[in-house]
Amino acid sequence: MKLNLISCDAQRPDRRAIAQCITEISKHNESLAKELTDILLEGDAVEIDVDDKNSGSALRALRKLSVNYEIIE
């Protein structure tokens, strides 16, 4: 499943937690996840691939971190 991470509505976003979440749900390495987190928090959308069997927990984790997303496929 592909997700488009649109924005983060948290008043004080936790960069480390978001990067760790991206690492776990998309199987990217930590440095790429940190870079994607920075891009997301600057206001640009980020596209990631999520394993279908983990999609439910991935979506819950993103909602918990106040990350807005849309499902692409």
Side-chain angles (χ1 to χ4, degrees):
M1 171 171 62
K2 288 188 180 201
L3 292 179
N4 194 19
L5 306 181
I6 301 169
S7 64
C8 181
D9 290 339
Q11 192 171 27
R12 293 177 44 190
D14 186 347
R15 289 179 185 269
R16 187 182 62 78
I18 295 171
Q20 185 176 7
C21 181
I22 291 173
T23 300
E24 291 174 6
I25 66 175
S26 67
K27 306 298 182 208
H28 288 303
N29 61 34
E30 277 187 53
S31 62
L32 180 57
K34 288 178 183 177
E35 194 173 317
L36 293 174
T37 300
D38 289 340
I39 292 169
L40 175 67
L41 295 178
E42 288 174 3
D44 294 323
V46 175
E47 186 176 307
I48 60 172
D49 289 321
V50 178
D51 190 13
D52 286 336
K53 65 181 178 182
N54 295 330
S55 61
S57 60
L59 298 178
R60 279 191 299 279
L62 290 170
R63 284 193 300 268
K64 185 175 180 182
L65 293 168
S66 300
V67 174
N68 297 319
Y69 60 87
E70 64 183 3
I71 299 172
I72 298 174
E73 69 177 56

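- Atoms OH and CD1, from Y69 and I48 in turn, are 11.0 Å apart once rounded to the nearest 0.5 Å.
- In plain terms, the two heavy atoms of A45 and I39 that are nearest each other are O-CG2, 4.4 Å.
- Annotation: the span from E70 atom CD to E47 atom CD amounts to 9.5 Å, rounded to 0.5 Å.
- In this structure, CG on L5 lies 10.5 Å from CG on L65, to the nearest 0.5 angstrom.
- Evaluation of the salt bridge (Lys or Arg N to Asp or Glu O under 4.0 Å) test over residues 29-45, restricted to residues two or more places apart or in two chains, returns R15-D38.
- Through direct or relayed side-chain contacts under 4.5 Å between Ile, Leu, Val, Met, Phe, Trp and Tyr, I72 connects to no other residue.
- For S7, the side chain to side chain donor-acceptor pair (under 3.5 Å) partners are N68, not counting sequence neighbours.
- Nearest approach of V50 to S55, heavy atoms of both residues: CG1-CA, 4.1 Å.
- Between T23 and A33, the shortest heavy-atom distance links the atoms OG1-CB, 3.1 Å.
- Closest approach of L36 and H28 over heavy atoms only: CD1-CD2, 4.0 Å.
- The distance from atom CD1 of I18 to atom CG of L62, rounded to the nearest 0.5 Å, is 9.0 Å.
- For A61, the side-chain contact (heavy atoms from CB on, under 4.5 Å) partners are C21, not counting sequence neighbours.
- For the salt bridge (Lys or Arg N to Asp or Glu O under 4.0 Å) condition, no pair includes a residue of residues 4-14, sequence neighbours left out.
- Under a hydrophobic clustering in which Ile, Leu, Val, Met, Phe, Trp and Tyr are joined whenever their side-chain heavy atoms come within less than 4.5 Å, directly or via other members, I6 and L59 fall into different clusters.
- Rounded to the nearest 0.5 angstrom, N29 CG and I22 CD1 are separated by 12.0 Å.
- A salt bridge (Lys or Arg N to Asp or Glu O under 4.0 Å) check over residues 56-67, counting only residues at least two apart or in different chains, returns nothing.
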